[in-house]
Amino acid sequence: MITAQKGTKDIYGEEINKWHFVENAMRKIFEKANYQELRTPIFEATELFARGVGDSTDIVNKEMYTFEQKGRSLTLRPENTAGVVRAYIEHGMHRLSPPVKFYYTGPMFRYERPQAGRQRQFHQLGVEVFGIDAPSADAEVIATAITFLNEIGLKDLELEINSLGCEKCRSNFREKLKAAILPRLDKFCDDCKMRYEKNPLRMLDCKNLECQSYLAEESIQNVIKSEFICTECQEHFEKLKSYLDELNIKYNVNKLLVRGLDYYNRTVFEIKSNSLGSQNAVCGGGRYDSLVETLGGIKTPAVGWAMGMERLMALISDFKVSRLDAYIISQSTKETLKLAQILRQKGYKTEFDMQGKNFSKGFEKALKSGAKYAIILGEDEISQNKITIKNLDTKEQQTITLEELFNKIE
RNA sequence: GCGAGUGUCGCCAAGCGGUUAAGGCCCCGGAUUGUGGUUCCGGUAUUCGUGGGUUCGAUCCCCAUCACUCGCCCCA
C-alpha cells in the first residue's frame, strides 16, 4: 500500500468542514479589513529563502525541501513572507498608494520531525502590510489577527509582544549582550555558542534550562532589562501599546520574545494557546523594515504575521455544518435525477437514493443522511405529477405539486 | 539530529506460549418490495506492521527493520 508521506495528511470528512469554516471566516474578516488575497507559487528560487528568511536560521539550514531542476536550485516554500515580498518587488507595488495589504493561505513545507502541531506539509494563513512606518500598521495587523481569532471562536489566547529595536539600537544591544555573556559563554549549550556568533539575540529564547539559568544572572538580566532601544523605537513601541490598550486588546510584554527569522526588527509578537501541547504558538509575526531592500526592492517598511492552520483546527471544537435539505426516495432513476437537479438549482442541498431498492431502505438512508426532508417520488406521485414531502423531524407529510412546494417555501 | 511509547479488520479493541484470533461500532444482505434510526437473523481478519531468531508450537518471548504517536530542538 502506498501511504501519505511522513508529516503529510489527507484532509477530509468532519475535518474539511472545519477548514471551510476557517477559510470562510478568513475571507470575511480580511476582505472587510481591505486586505487582498495574494497567491504566490509553492516553489521559488532557493536564494529567495536563503536571503529572505536568513541563513542563520534553522529553517534555511536544515529544514528546506530543495531540489535541482535544469541547473536551477528550487525550494518548496517553508514560509510565505519572502514570496510575498518577492511578488511585491517584482510587480513594482511600491508605486501603489500605501498601505499595500495582502493576505494569503496555502501549504508550506519544512523537513522536521513531525509531532503534535507540527507537520512537514502544513498550512499557514498570513497577512503582510507594506509601506507604513507608523505603529498604526502594527496595531492594525495585530487587531485583525485578534478579530479573526474571535470570529472563529477561539478564546483563552495570550498575546505577547516585544520590541527588538531598529538596526542601530539592535547592534548596540547585541554588543552589550555579548559582553555580558562572554564570561559565561563556555557554560551555554552548543546551539547557544553558535547563536552567540551568528545571532546572539536568539540565545534569549533558548529552551535549555541551564542556559535559562545563566541568562537569569544579574549581570545579564541588567542588560536584558535595560531600555536598550533608542528613543524613536521606544516611542514606536509605546504608541503600539497605547493603541492596543485603546482597542482593549490584552498583552504581555515579553522581553525574551525573539522571533526565529532574521528579518524582524522593532515589533515582534506571538499569540499562544495553553491547550495545544508543546507547539503552542498559534500566530507569530512582527515588523520587517529592511526585508524589501534586502531582496532588491527599494526600502519599504512592512509588518505581518502568519498562523498555523492545523493548530487553529486543533483548537476549534464547535462550528456549524450545513445540513442536507432534501433526500429523494424513488425507484425511478430518471425522475430522481431530474428532480435532484431542479432542487439543487433552486439552492437546496440535495441527495438521493442511488440504489433505489425499496421505500424502507430509502427512508433508512434518508434518516442516516440527516436530511430535513424526504421527498418521495413513487409511481403514484409520478403518475399524478406530484411529490410527497415528509419532514423527517416532525413526521408530517403531504403530497403536492412542485409548484406548490416552491410557492410555499418562497 | 537526539530521546520515549505504540503497532491485532475501515474504527475501537480482547487474547500475552498451545488446536477454528473474542466482542463492540460502521458497512452489507435478509425478516420488511409505499414509510423510519429500534429489534432479530446472517455476512465481512487463512491472520496479528515487516523480516529473521528462540521453541515441538508463536499475536504473545528475543533481535532487526518500517510506520505512527509524543517529547527535545525549532517554529506557525
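Throughout, a chain's letter reflects where its sequence line sits, starting with A, and its residues are numbered from 1. Excluded from the calculations below are hydrogen atoms, water molecules and symmetry mates; all remaining heavy atoms, backbone and side chain alike, are included.
Here the separation of B:rU54 from B:rC11, taken at their C1' atoms, is 35 Å to the nearest Å.
Using a 4.0 Å cut-off between charged nitrogen and carboxylate oxygen, A:Arg287 and A:Asp138 count as a salt-bridge pair.
Base pairing of B:rA64 is made with B:rU50, judged by Watson-Crick or G-U wobble geometry with both donor-acceptor distances under 3.5 Å. Nucleotide B:rU69 forms a Watson-Crick or G-U wobble pair with B:rA4, both donor-acceptor distances falling under 3.5 Å.
A:Gln397 comes within 4.0 angstrom of a base, heavy atoms only. Heavy atoms of A:Ile329 sit nowhere under 4.0 angstrom from any nucleic acid atom. Within the 4.0 angstrom heavy-atom criterion, no nucleotide atom of any strand lies near A:Leu312. Contacts of A:Arg259 with the nucleic acid, taken as non-hydrogen atoms under 4.0 Å apart, involve only primed sugar atoms and P, OP1 or OP2.
Checked against a 6.0 Å centroid threshold, the rings of A:Phe188 and A:Tyr214 count as neighbours. A:Tyr35 and A:Phe102 have their aromatic ring centers separated by at least 6.0 angstrom.
For the pair A:Lys178 and A:Tyr196, the cation-pi test (distance below 6.0 Å, angle within 45°) is passed.
Taking a centre distance below 5.5 Å and an interplanar angle below 30 degrees as the stacking criterion, A:Phe359 does not stack against the six-membered base ring of B:rU35.
Between A:Lys6 and B:rC68, a side-chain N or O to OP1/OP2 separation shorter than 4.0 Å is present. Here A:Lys272 does not reach the OP1 or OP2 of B:rA76: none of its side-chain N or O atoms lies under 4.0 Å away. For A:Lys365, a side-chain nitrogen or oxygen approaches OP1 or OP2 of B:rC28 to under 4.0 Å. A sub-4.0 Å separation between OP1 or OP2 of B:rC70 and a side-chain N or O of A:Gln115 is absent.
If you check distances only, the side chain of A:Arg118 never reaches the base of B:rC70 with a donor-acceptor pair under 3.5 Å.
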